[in-house]
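Just below is one structure, and these are the notes that go with it.
Below, chains carry the letters A, B, ... as their sequence lines are ordered, and counting in each starts from 1.
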Number of protein chains: 2
Amino acid sequence: MKSALEARFRELCAEHGLAATHQRLVLFEVLQSMTGHPSPEEVYARVRKRIPSVSLATVYKNIHVFIESGMFREVSPHHGSLRVEVNELPHHHLVCVVCKSISDIDEWELGLLKKPKRLSDGFLVERYAVDVLGRCAACQEKS
Amino acid sequence: MKSALEARFRELCAEHGLAATHQRLVLFEVLQSMTGHPSPEEVYARVRKRIPSVSLATVYKNIHVFIESGMFREVSPHHGSLRVEVNELPHHHLVCVVCKSISDIDEWELGLLKKPKRLSDGFLVERYAVDVLGRCAACQEKS
DNA sequence: TTCGCTGCAAAGGTTTTGCATCGGA
DNA sequence: TCCGATGCAAAACCTTTGCAGCGAA
């Protein structure tokens with residue numbers, strides 16, 4: 001018998017024109033079973049337990065496929081490489097989910113942003129991601 | 001004569017116990033003169049114009065030194081490797097600026113977070129970073 | 001049967017590290 | 001003078017890519 005999860009997976013694949021391969025099904029189930037913010041290596045290790053011959057490249061490719069299909073998100077909406085913040089004024093960021101370009105938005109301007117979905121520069125707002133920055137309990141103890 | 005910027009740089013170095021080397025001064029001035037969110041390679045290219053013999057390793061090392069000293073910030077508080085978001089409920093993130101660990105905070109819980117500086121799990125809140133996610137004008141035209 | 005998917009290995013890009021030398025305090 | 005900073009080259013990651021063979025539709 002097929003699980004409800006597998007049925008849901010096949011549905012999503014059909015919806016996005018994806019082949020429902022065994023590797024993808026296992027990857028999907030593994031991701032659903034994980035908590036936190038797993039890295040590709042961690043996911044790979046889990047998938048490998050069920051498909052020892054799976055390749056890391058396949059895991060990477062399909063994580064991207066899933067993200068592009070909207071089946072999962074990635075934690076950081078930013079580019080992969082280090083970027084230096086050279087604007088010292090309080091501000092936040094507009095991040096394009098397609099090209100990953102980043103532009104600044106003043107703090108006060110963000111405050112006005114409750115309703116409008118499209119900004120004056122044409123940026124179409126989809127959602128907000130808030131990072132609360134600080135020090136975790138463990139790091140406070142160490143210092 | 002020394003510029004005000006150089007004086008400020010020497011002050012900051014003294015404050016953080018750093019040697020005020022020529023390379024660091026130039027890096028500092030270059031960063032101050034840039035806009036946007038430059039990558040280490042872009043910064044390196046600019047520094048190189050003034051110190052052709054500078055190494056990329058030195059630029060990397062000192063960008064980190066500056067970030068650790070609080071002289072500059074990095075754009076993404078959790079850059080590094082790809083992480084998959086497996087929590088489908090609306091939530092945001094608590095990011096430790098020291099160890100970069102990420103934990104989830106419910107959307108409703110974030111709403112209550114106007115005043116408290118320390119959360120029940122010991123996390124000490126320093127600031128917020130908001131990413132407004134969406135599509136930039138250019139990417140909307142392309143699709 | 002067909003086209004997309006997989007595994008493999010190699011390449012590519014980014015960042016870090018070890019070490020001898022140099023130079024700021 | 002002395003310890004930290006630099007430059008170089010190599011290594012260490014992380015991720016992507018090319019390609020031959022495989023398998024879902």
Side-chain angles (χ1 to χ4, degrees), chain A residues 2 6-7 9-28 30 37-45 47-69 71-72 74-84 100, chain B residues 2 6-7 9-28 30 37-45 47-69 71-72 74-84 100:
Chain A
K2 288 180 186 175
E6 177 168 350
F9 168 72
R10 292 186 177 281
E11 199 178 297
L12 284 167
C13 283
E15 201 173 297
H16 292 98
L18 300 174
T21 66
H22 182 52
Q23 286 87 337
R24 277 182 184 157
L25 171 60
V26 171
L27 176 62
F28 183 82
V30 160
H37 311 90
S39 66
E41 283 286 352
E42 286 163 351
V43 175
Y44 175 52
V47 173
R48 228 179 177 181
K49 286 182 187 168
R50 289 179 49 189
I51 313 176
S53 65
V54 78
S55 76
L56 180 58
T58 295
V59 169
Y60 266 99
K61 284 171 192 163
N62 286 316
I63 285 177
H64 286 310
V65 165
F66 287 173
I67 289 171
E68 280 151 31
S69 308
M71 293 161 72
F72 290 89
E74 56 185 310
V75 172
S76 178
H78 299 148
H79 277 106
S81 76
L82 175 65
R83 295 306 167 99
V84 186
K100 302 280 178 84
Chain B
K2 287 179 186 173
E6 178 169 350
F9 168 73
R10 292 185 179 280
E11 199 179 298
L12 283 166
C13 284
E15 200 173 298
H16 293 98
L18 300 173
T21 66
H22 182 53
Q23 286 88 337
R24 278 184 184 155
L25 171 60
V26 172
L27 175 62
F28 183 82
V30 160
H37 310 91
S39 65
E41 282 287 352
E42 286 162 353
V43 175
Y44 174 54
V47 173
R48 228 179 177 181
K49 285 181 186 167
R50 290 179 51 189
I51 313 176
S53 64
V54 78
S55 76
L56 180 58
T58 295
V59 170
Y60 267 100
K61 284 170 191 165
N62 285 316
I63 286 177
H64 283 130
V65 165
F66 287 174
I67 289 171
E68 280 152 30
S69 309
M71 292 160 72
F72 291 90
E74 56 184 309
V75 172
S76 177
H78 35 60
H79 96 275
S81 77
L82 174 65
R83 294 307 168 101
V84 186
K100 302 280 178 81

- Message: Restricting to side chain to side chain donor-acceptor pair (under 3.5 Å), what partner residues turn up for B:Y44, sequence neighbours left out?
- Response: B:R48
- Item | Closest heavy-atom pair and its distance - B:H78, A:P77 | CE1-CD, 4.4 Å
- Message: Within residues 16-24 of chain A, which residues have any heavy atom lying less than 4.0 Å from an atom of DNA chain C?
- Response: A:A19, A:T21, A:Q23, A:R24
- Message: Using C1' atoms of five pairs at each end, report the bend of the helix from C:dT1-D:dA25 to C:dA25-D:dT1 rounded to 10 degrees.
- Response: 40°
- Task: Report the relative orientation of the aromatic rings in B:F9 and B:F66; use parallel for angles under 30°, tilted for 30 to 60°, perpendicular for over 60°.
- Result: perpendicular
- Task: Report the distance from atom OG of A:S69 to atom CG of A:L18, rounding to the nearest 0.5 Å.
- Result: 4.5 Å
- Message: What is the separation between atom CD1 on A:I51 and atom C1' on D:dG23, rounded to the nearest whole Å?
- Response: 14 Å
- Task: Could you list by number each residue of residues 59-69 of chain B showing a heavy-atom separation from DNA chain C of less than 4.0 Å, or answer none if no residue does?
- Result: B:Y60, B:K61, B:H64
- Query: Which heavy atom in B:S39 sits nearest to a heavy atom in A:S81, and how many Å separate them?
  - Reply: CB-OG, 4.5 Å
- Item | Whether A:E68 side chain and A:V65 backbone form a donor-acceptor pair below 3.5 Å | no
- Message: If I take atom CZ in residue B:R50 and atom C1' in nucleotide D:dT6, what distance separates them, rounded to the nearest angstrom?
- Response: 17 Å
- What integer distance in Å separates A:Y44:OH from D:dC13:P? 16 Å
- Report which part of the nucleic acid B:S53 touches: base, sugar-phosphate, or nothing (heavy-atom distance under 4.0 Å, all strands). sugar-phosphate
- Could you tell me which non-hydrogen atom of B:V26 sits nearest to which non-hydrogen atom of B:V47, and how far apart they are? CG1-CG1, 4.0 Å
- Message: Any heavy-atom pair between the side chains of A:K49 and A:V30 that's under 4.5 Å?
- Response: no
- Item | B:L82 and A:H64: CA distance, side-chain angles, deciding distance, side chain to side chain contact (heavy atoms under 4.5 Å, CB included) verdict | CA-CA 10 Å; B:L82 174 65; A:H64 286 310; 3.9 Å; yes
- Message: Quick check against the 3.5 Å criterion: does B:R83 have a side-chain atom that pairs as donor or acceptor with the backbone of A:P38?
- Response: no
- Round to a whole Å and report the spacing from CG of A:L82 to P of D:dC14. 16 Å
- Heavy atoms of chain B, cut-off under 4.0 Å: which first and last nucleotide of DNA chain C, 5' to 3', fall inside that, if you could look? C:dT14 to C:dA25
- Can you list every pair that meets side-chain hydrogen bond (donor to acceptor under 3.5 Å, both in side chains) and has a residue in residues 9-24 of chain A, with sequence neighbours left out? A:E6-A:R10, A:R8-A:E11, A:R24-A:N62
- SB check B:K100 B:E74 (cutoff 4.0 Å): yes
- Item | Nearest heavy-atom neighbours spanning A:I63 and A:L27 | N-CD2, 4.0 Å
